[in-house]
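By convention in this document, chain letters (A, B, ...) are assigned in the order of the sequence lines, proteins followed by strands, and residues within each chain are numbered from 1.
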Amino acid sequence: MELESLYQEVILDHYKNPHHKGLSAESDIQVHHVNPSCGDEITLNLVLRDGGVQSVTWNGVGCSISQASSSIMSELVTGKPVDEAMRVLESFSELMASKGSQSGDEEVLEDAVALAGVSKFPARVKCALLGWMAFKDAVVQVNGREEDAR
Amino acid sequence: MELESLYQEVILDHYKNPHHKGLSAESDIQVHHVNPSCGDEITLNLVLRDGGVQSVTWNGVGCSISQASSSIMSELVTGKPVDEAMRVLESFSELMASKGSQSGDEEVLEDAVALAGVSKFPARVKCALLGWMAFKDAVVQVNGREEDAR
Amino acid sequence: MERVREDFPILSKVMRQGASLKYLDSGATSQKPIQVLDAERRFYTESNAAVHRGSHLLAEQASEAFESARQIIASFIGAEVDETIFTKSATEALNAIAYSFGNPGSGRLCLKPGDKVVVSEMEHHANLIPWQQLCKRTGATLAWFPITKDGRLDLSNLDEIVDASTKVVAITHQSNVLGTINPLEAIVERAHAVGAVVVLDACQSVPHMSVDVKQLGVDFLAFSGHKALGPTGIGILWGRAELLDLMEPYLFGGSMIESVTMENATWASAPRKFEAGVPNMAQAVGLAAAVNYMSDLGMDSIHKHELALTEHALNALNEISGLTIIGPNSMESRGGTISFTIEGIHPHDVGQVLDQDGIAVRTGHHCAWPLMRRFGVSGTTRASFYLYNTIAEIDALAEGIKNAQKFFKVN
Amino acid sequence: MERVREDFPILSKVMRQGASLKYLDSGATSQKPIQVLDAERRFYTESNAAVHRGSHLLAEQASEAFESARQIIASFIGAEVDETIFTKSATEALNAIAYSFGNPGSGRLCLKPGDKVVVSEMEHHANLIPWQQLCKRTGATLAWFPITKDGRLDLSNLDEIVDASTKVVAITHQSNVLGTINPLEAIVERAHAVGAVVVLDACQSVPHMSVDVKQLGVDFLAFSGHKALGPTGIGILWGRAELLDLMEPYLFGGSMIESVTMENATWASAPRKFEAGVPNMAQAVGLAAAVNYMSDLGMDSIHKHELALTEHALNALNEISGLTIIGPNSMESRGGTISFTIEGIHPHDVGQVLDQDGIAVRTGHHCAWPLMRRFGVSGTTRASFYLYNTIAEIDALAEGIKNAQKFFKVN
Ligand SMILES: Cc1ncc(COP(=O)(O)O)c(C=O)c1O
Ligand SMILES: Cc1ncc(COP(=O)(O)O)c(C=O)c1O
């Protein structure tokens, strides 16, 4: 049944017990993203240190897909050099755009491959991407500030 | 052939030799009407005297139907008491709205019955009515002024 | 009502995994009977030409088809034919009014600083944002009726909210989220007492019950064709003749003019004034066919059918534990739109599980985001009914919700 | 081109007195091939649902159909998909731009007193009155290129007319009256040199020749679906991404927002920002089918076919004494639209006689009233050709004109 391929156990686990949920007291930047078609929202705090992602914390309301995806994302990128985190993000975006034709590279995406089934449901792709896009935006904004400061 | 029933000899005669065309030097009122869908225009001068139509003169550009109809109208109403002129107008409007089902009362409409065929062509009805509506408007405006003066 | 389903080819479509379609999303857009599709096609294959502009036979026939469509739709809502304007949608109709009210050429209808526009907290964005923008342009202020916790307009402060400075009261006839049918009489009476005009968003009422503009006593009314069995790309703006007369148009171009120079232009009278360009002729003809379809069934029969479905649905849904109805939980003054939340499952996930069984519902904020905030939810699941729905489809909905609860282990 | 006529059922319609239809009025609206009608019907019977708002299968399929229509149409004019906006008509598209340019929220694109908008004396009312109104709202001034006596833009004062104060140049690609194809290069170059944007009214070019927005170098482009084999009720607004980004929307409602409170709203990005409400989905799908139909034939073949018809027509008409061509009387830079007057017969009467033989032409001012004044006529008779027209139809036109002259005894 397709439903199980969409909602894999990993997803339901992350949904029930999201990681890195709850905003850190301090951050380099805070971003707020919404999905205008459904009203789901995420607030994300990012701390970068020495070219790496020191911490990603978030809060928000959303469906199982968006919550699980944000949880998986924050697990994945934390501790990685920013470059590498962005490559993971690229890889995940590609998977989401694949309309069910890819299963995802487990080496790179780890738990996130469980979201491969989402790519078959165009209306849900945005849910899966909500947290990732917030993370990307946060990185871009911090880097932009540093450029400005130079 | 329908064409001859639309363009009767009477109409072509009035078109070639329109009556009362050329504006009088003086008038109680001058009105200007356009047919916005084709750009045809008429300017009409009206003189009322003792409750009767003393003179109707007009100028303008338009198709054979609008020119002939204005010519016939001015012939018909000149010299008539205003009430009676308005009844002729009513009768003509009714004929134009008849979609080809009426042939018109020759006692009342005289030459204007030649325009009966126009009622079968919805797009031409406005042409036939252009001069008549200008006349009606002129009468209404003069009467309005008199009311205001009272 | 039993035989209508045969007129809607899409209702026999096979969905995911062989499930049959249970279309419970008519609040978003309705399905179309074959009669509407045929009317549009007949227009294109027999009388397609630009209306109002030509003297050739096709142009005559096109004009005849277009203007009789107007007549049919006008009669359907008890309006005069020249008061009935074709727009592309209800959204356009509402924006058109708001633009006129911001144009100094509209005379006493034009708003100024100190004037007030009143809406409600249950408005669809289409009947909210145009007024926000109008207030921004003119310096007028926006006020609104709050909503009670059972999803009714709170009119307890009617006289304070609609005060002497109020120029416009813009309100929905039936909520597209809650199903609430609003009590117009008191509002219209108060609005007119202070000299305000009443704009009615009738998107969710005209398709479902008998609506007569004269009886309602409102001044403007808007609805969309596509929610009323009609084609996409058409809506209706109705306004009282004497107000349309005062109003400046908002779209400028061909067919709406009286005369034009390089520097200036004057306008034709309504409805032409508000229909710039070659109009949506085929869609007008299609909407007239839709209106005829509804009239043949009878709006009262349609309404009765929907009420029966709604009562059945309320009973079935109320039996599900963890389900909360957002909106009136009784049959009093409500139509066939039911919003609800399920404890522990996000609306998107509810919708996904239902979709698996061919049950099409809407999830999210339903273009009524402020209303969501009022109820402290990010969204709801909404089932909305129309003349082609059946009791069996509603039972499937209830069953589907229970499946979702099982799947997400919340019950 | 021979076999296309079979795709257009209306072309075999029997007119007054048994005459066959010779449809020479495609400049007003085109006929539609069966492929377009079938595409619309398929949308309604297989995937009708409100786009962008639902997670159920039908809504997914509707969104897919709607968005691939956008992709097809964008490619057809060499545009990016997110720059391609569905409106109800070219008229709406042009008004939308004008509204944005009058909204302070549009920043540097908003006009102010002292700014100038340049049009031409050959504009359709749809590309004239919106700019008149914009100037009225903002205090900007309107200027225009005059027209030479053979129906060309007089660009001799280009640099004075398009001066440093010019913010917008809005011009037609091909005149709907004269058939003139305007030389855009010089205009675009000058406009950009002074920092003005160029708005192209492509209503009469996109259906008839290959148009590539990037190659033309313009900033905005508008055309209507119904003149391009597509359904009524749809038009396209194209604009450069960076300009659309700056622009405020002009219709407010569902689907165009990012977030909404009772007091405020923020916008989604283009194209969504400019498409408030449930869009004209079926018409978008129909227009994509029309575009595919044209692409399959090839725009160059279509254009060549029309040029052959035009050359034949000019020759035939020039042989008729008492006939005057209004517009270019040669094949240089002109398309298949020919306006003319007949000495001693009013256009209405010419049209009537032609109609008697099933020949459908347009008569009057063609929504270009200032142009009529320029040529000192109250109206013209206009024949306009498209891919389905034949040499025989043009011969019938010439014959018909001679009959009219006989009937009215002017020759
Ligand atoms: C040159 C030109 N511009 C604009 C328009 C307006 O197009 P529409 O009426 O489809 O909005 C037309 C057609 O009427 C036209 O020929
Ligand atoms: C209550 C209400 N008002 C306005 C609208 C807007 O209608 P449309 O999108 O057809 O313009 C809708 C539907 O989306 C609605 O339900």
Between [options], which has the largest tally of heavy atom pairs under 4.5 Å with chain C?
options                                    : answer
Thr45(D), Ile359(D), Asn48(D)              : Asn48(D)
Ser89(D), Ala368(D), Pro231(D)             : Pro231(D)
Ile257(D), Leu128(D), Ile129(D), Asn280(D) : Ile129(D)
Gln61(D), Met256(D), Glu263(D), Arg137(D)  : Glu263(D)
Arg373(D), Met15(D), Gln133(D)             : Gln133(D)
Ser259(D), Pro9(D), Cys135(D)              : Ser259(D)

Contacting moiety of [X], where chain C heavy atoms sit under 4.5 Å:
X         : value
Ser30(D)  : backbone
Thr381(D) : neither
Asp38(D)  : both
Glu123(D) : neither
Leu371(D) : neither
Leu57(D)  : both
Glu121(D) : both

Problem - Flag, side chain of Arg382(D) to backbone of Asn176(D), donor-acceptor distance under 3.5 Å - result: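 Yes.
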Exercise for the section: Could you tell me whether a side-chain N or O of Ser384(D) sits under 3.5 Å from a main-chain N or O of Gly27(D), the two making a donor and an acceptor? Expected result: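 Checked: pair present.
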Hey, are the side chains of [X] and [Y] touching, using non-hydrogen atoms and a 4.5 Å cut-off?
X         : Y         : answer
Gln283(D) : Phe86(D)  : no
Pro279(C) : Thr232(D) : no
Tyr44(D)  : Ile10(C)  : no
Thr87(D)  : Asn95(D)  : no
Phe252(C) : Trp267(C) : yes

Per-residue contact mode, [X] against chain D (heavy atom under 4.5 angstrom):
X         : answer
Val119(C) : side chain
Leu21(C)  : side chain
Ser120(C) : backbone
Leu142(C) : side chain
Gln132(C) : side chain
Tyr250(C) : both

Handout entry: From CG (Leu354(D)) to CD (Gln356(D)), nearest 0.5 Å
Key =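 Here the interatomic distance stands at 10.0 Å.
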Problem - Salt bridge present between Glu40(C) and Lys32(C) (N-O < 4.0 angstrom) - result: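 No, Glu40(C) and Lys32(C) are not salt-bridged.
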I need the residue from [options] with the largest number of non-hydrogen atom pairs under 4.5 Å to chain D.
options                                   : answer
Gly233(C), Gly351(C), Ser12(C)            : Gly233(C)
Val260(C), Asn264(C), Thr91(C)            : Val260(C)
Met262(C), Arg41(C), His125(C), Gln352(C) : Met262(C)
Met281(C), His348(C), Glu46(C)            : Glu46(C)

Practice task
Could you tell me if the ring centre of Tyr99(C) sits under 6.0 Å from that of Tyr99(D)?
Solution key: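 Yes; Tyr99(D) has its ring centre under 6.0 Å from that of Tyr99(C).
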Exercise for the section: Indicate whether any N or O donor in one side chain lies under 3.5 Å from an N or O acceptor in the other, for Ser255(C) and His52(C). Expected result: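 Short answer, no.
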Exercise for the section: Decide whether Asp201(D) and His124(D) meet the rule of one side-chain donor and one side-chain acceptor closer than 3.5 Å. Expected result: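 Side chains of Asp201(D) and His124(D): no pair found under 3.5 Å.
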Exercise for the section: Kindly write out the residues that satisfy salt bridge (charged side-chain N to carboxylate O under 4.0 Å, His left out) with Glu92(D), not counting sequence neighbours, or none if the list is empty. Expected result: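 In terms of salt bridge (charged side-chain N to carboxylate O under 4.0 Å, His left out), with neighbours along the sequence ignored, Glu92(D) is linked to Lys88(C).
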Practice task
For Trp369(D), enumerate each residue passing the ring-ring contact (aromatic ring centres under 6.0 Å, His included) test, keeping only those at least two apart in sequence or located in another chain.
Solution key: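 Once residues adjacent in sequence are excluded, the partners of Trp369(D) under the ring-ring contact (aromatic ring centres under 6.0 Å, His included) criterion are His365(D).
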